[in-house]
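Presented below is the structure to which this report refers.
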Amino acid sequence: MSAEQQGDPAGLRKDAPPPGPDATQGATDPRPATPSWIRELDMALTVHPQVLLTGNVRDQYLLPDDRAAGSSATLAPYSLGGVIESLCAARGYGALAFLDQVHERITLLRLSATVEQVPAVLREFAERDEKWRRGRDGQGTDGADDEDEPEMLDRLRDAMVGVVHHPGPPIGLVVPYSGRLGSPQAPVDGEAARLFAAAEELGHTARPVQGASAVTPYNTVFWVVERQEELPREFAVGSRAVRVISVPQPPHDQRLAAARHVVGGLARYQAATGGPALTEAETATAAKALADSSHGMGSSEVMAIGRMALDRNLPVQRLDEAARLYRIGVLDNPWATAELRERIATGEEFLNGKVIGQPYAVRRTLEIFMRSAAGLNGAQASSSPSRPRGTLFLSGPTGVGKTELAKGVAEMILGKDARPIRFDMSEFAEEHARDRLIGAPPGFVGHDAGGELTNAVRANPMSVLLFDEIDKANPRLFDLFLQILEDGRLTDGRGATVYFTECVLVFTSNLGITAVVTGEPPKDGAGAGDAGASTGSGEAGGTGATEVAPRTKRRPLSRHDDPAMVRQSLREAFDAFFNDTIKRPELRNRFGDNFIPMDFMQEKWVPQILDKAIASVVGRVLETHGAELTLGDDAWEVLRVEATRRLDHGGRGVLTAVESALVNPLAKEVFRSPPGRGERLGVVAIEGDGDGEGYRLEVERWQG
């Protein structure tokens, strides 16, 4: 039978097998070397009766096609079944049997054996398969005796017994989707239990096939599963008879080979349809860009990107955009637009209006986003170009605008109505909090619901993610952040990959604010007799001369400290937290230069914050009551004094002062005598000091 007649069960086979594992490439050959897992699989055929292939088993593997005419660098994509077929043919296997779970049948592919050299059970399955095919094609067989056929697991068990006991030539049995044969959580029973018990026993009793050569292979059972934990518990993973081979994601050289394959085809199509012909250097540049942008993808996905580029009519030079579209589904790249570049260029005025009193933090923030807009984010890390678009670690006292800066960044990048997706990390202090972010693993309650973080990013691939008070999170969560910051992706509890490459991550903390610092020594030498404050021979009764050492006192950071010293203390606390407290210096390194200290609020910024807060109150009165509110100079000055008195609490202290001295007494006034639409309320004076009954307002009213 032809390969087309024999079908392609589970997408495992290709008509033409790739070359054997002994194919070699010269130093100048652009073809990738044969992957090590293929060489390991070839070795296993002679020493293991069963092979478990796990990992990247659904990919296409771009391998040299030495039988192709012309260039020796010709590559062709092959499935896992094609690789198995090639290796078995090179080892002299007579046939391969494939379990087809879609149609619940076992198909047979003869490699070299005659019909008489195939196990009887496989001949029977082939006859049933041919009968089923004729009925499907309307050739006179109605399939009336289908009810007499044994169950699928019985058929598989019979085939496995027949294959393992076959005297020769060697036969292979391929079982794709092996994890679907039983539950990984609950014990299997019935036919599934008999199947795995037989598989374990056959693995221990199997012997190599007798033959003329010194080394002959086994009759091999190939189990195929993406994740080993999907296998039923009865599967003998630890058996010495089973060789476990992990198929990894393609490294850069294999993705580069796939990218050259894609770029070459697109370049030829572009030239044939009237487009410009690419030079060799342009082709190489486009292939490298595609290989870099497809970090973490399989070869089949790289080739799918080429089809998407063709469908979207993207030129070869923009294949990295096709990779981005394939990865997250965002059609437009806002980071490449002139509009965003203009917003970032004028962002200093915008962000300083949102976050008053933090010019240093605003400048540092904009530098990071200029890097992203220029396409240079993560440029220093050639091994992982898929990092998030921006990462900020904001550290500083409470109430200085860390959250407001995150809100301003979201508005600047994503638009006026955008808000960051906020996670209060104090809610994630328990060990199981990890499951809340990425979803519970299979078998646990809530598995189907997914995680709060992964669901949010899947729904909004371009987001500003705010992780507030990150130092309060459970240490286990930092493993997730390490993966996001390095690779720009996470695998959720359901096994799906979520990409963070278009996200901005903002972490906030007040690490170091309560840490004590060394104060200045006293200028007059007072207190030299204090404990630990003086040393010298005078203390020992020597010459009587006293050498006064500088006295130090330790105290928390405050707004009276020099800003440079505050920033240094915050950085030291940041380093100590990751180095000593959670012992994750590698995560500290991932933040790199994205650590941004925020200064204490200084008195000179009080008027701006105060005016902004008063404007908000005026707007609320107008919106709610249709009345106009004004403040006299004396009333404003009282608010300024009260706000300055509470400045140790940062900008939030200013807002608290406005609430206490203006909003609360104003609410009483409005409640007792609601203003009419168009009425004007003038706050002439504010009396009281917040103690006792609080503040009182002197209000004048008149119609506008």
Side-chain angles (χ1 to χ4, degrees), residues 352-358 394 396-408 419 422 424 426 468-469 508 510 513-514 556-561 598-676 679-702:
N352 279 325
K354 291 285 184 181
V355 187
I356 298 171
Q358 300 295 335
L394 307 178
T398 181
V400 297
K402 298 187 290 293
T403 302
E404 286 301 315
L405 183 55
K407 292 178 180 179
R419 293 292 182 271
R422 181 175 179 270
D424 187 343
S426 62
D468 221 354
E469 299 186 279
T508 72
N510 56 10
I513 294 302
T514 58
L557 290 172
S558 76
R559 64 186 178 92
H560 303 290
D561 290 317
M598 299 186 72
D599 299 327
F600 280 92
M601 192 59 59
Q602 300 300 321
E603 186 174 345
K604 65 179 180 179
W605 302 111
V606 169
Q608 283 185 250
I609 303 174
L610 186 58
D611 287 343
K612 186 177 179 181
I614 293 173
S616 179
V617 176
V618 170
R620 181 67 64 86
V621 171
L622 181 62
E623 177 185 355
T624 306
H625 299 280
E628 181 179 343
L629 177 69
T630 60
L631 259 73
D633 292 343
D634 291 342
W636 186 92
E637 181 62 21
V638 171
L639 290 179
R640 187 195 67 79
V641 172
E642 179 62 21
T644 303
R645 187 168 69 88
R646 306 190 187 200
L647 200 55
D648 285 340
H649 300 288
R652 193 169 289 119
V654 178
L655 301 182
T656 302
V658 173
E659 181 182 36
S660 300
L662 176 62
V663 176
N664 289 344
L666 179 64
K668 295 178 183 178
E669 173 77 18
V670 170
F671 179 79
R672 292 168 182 161
S673 179
E679 187 176 354
R680 295 189 177 184
L681 286 75
V683 179
V684 178
I686 300 176
E687 300 175 353
D689 58 1
D691 298 328
E693 295 183 1
Y695 290 91
R696 296 174 300 279
L697 302 184
E698 181 182 340
V699 180
E700 294 181 351
R701 294 184 174 218
W702 68 95

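On a predicted model such as this, the values are computed, not experimentally measured, just so you know.
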When every non-hydrogen atom of M598 is compared with those of V355, the smallest separation belongs to CE-CG1, 4.3 Å
Over all heavy atoms of both residues, which pair between A661 and I686 is shortest? Give the atoms and the distance, please.
O-CG2, 3.6 Å
Does the side chain of D599 come within less than 4.5 Å of V400's, by heavy atoms?
no
Nearest heavy-atom pair of P607 and E603: which atoms, and what distance?
CD-O, 3.8 Å
Flag the pair I609 / M601 as yes when at least one side-chain heavy-atom distance between them is below 4.5 Å, and no otherwise.
yes
Solution key, residues 626-641 side-chain donor-acceptor pairs under 3.5 Å, sequence neighbours excluded:
from: E628; atom 1: OE1; to: R680; atom 2: NE; distance (Å): 3.4
from: W636; atom 1: NE1; to: D611; atom 2: OD1; distance (Å): 2.8
from: E637; atom 1: OE1; to: R640; atom 2: NE; distance (Å): 3.3
from: E637; atom 1: OE2; to: R640; atom 2: NE; distance (Å): 3.0
from: E637; atom 1: OE2; to: R640; atom 2: NH2; distance (Å): 2.7

Step by step, would you call V658 with L610 a side chain to side chain contact (heavy atoms under 4.5 Å, CB included)?
CA-CA 8 Å; V658 173; L610 186 58; 3.5 Å; yes
Taking side-chain hydrogen bond (donor to acceptor under 3.5 Å, both in side chains) as the test, write out the residues that go with Q608, two or more places apart.
none
Could you verify whether a donor N or O on one side chain and an acceptor N or O on the other, from D468 and T508, lie under 3.5 Å apart?
yes
Does R701 have more than 12 heavy atoms from other residues, nucleotides or ligands lying within 6.0 Å of its CZ?
yes
With sequence neighbours left out, write down each residue that passes side-chain hydrogen bond (donor to acceptor under 3.5 Å, both in side chains) with N664, or none if nothing qualifies.
none
Mind checking what makes side-chain hydrogen bond (donor to acceptor under 3.5 Å, both in side chains) contact with R559, not counting sequence neighbours?
D648
Least distance between heavy atoms, L681 atom then P675 atom:
CD1-CB, 3.7 Å
Under 3.5 Å donor-acceptor, E659 side chain and T656 backbone
no
Distance-minimising heavy-atom pair for N352 and Q358:
OD1-O, 4.1 Å
Once side chain to side chain contact (heavy atoms under 4.5 Å, CB included) is applied, do any residues pair with D424, and if so which ones, sequence neighbours excluded?
R422, S426, E427, E469
Among all residues two or more places apart in sequence or in another chain, which pass the side-chain hydrogen bond (donor to acceptor under 3.5 Å, both in side chains) test with T644?
none
For a quick test of reading the model, state the closest non-hydrogen atom pair linking P665 to Y695 and the distance between them.
CB-O, 3.5 Å
Salt bridge (charged side-chain N to carboxylate O under 4.0 Å, His left out): which pairs involve residues 396-406, sequence neighbours left out?
E404-K407
Considering residues, nucleotides and ligands other than K612, do more than 12 of their heavy atoms fall under 6.0 Å from its NZ?
yes
Does any non-hydrogen side-chain atom of V684 lie less than 4.5 Å from one of V699?
no
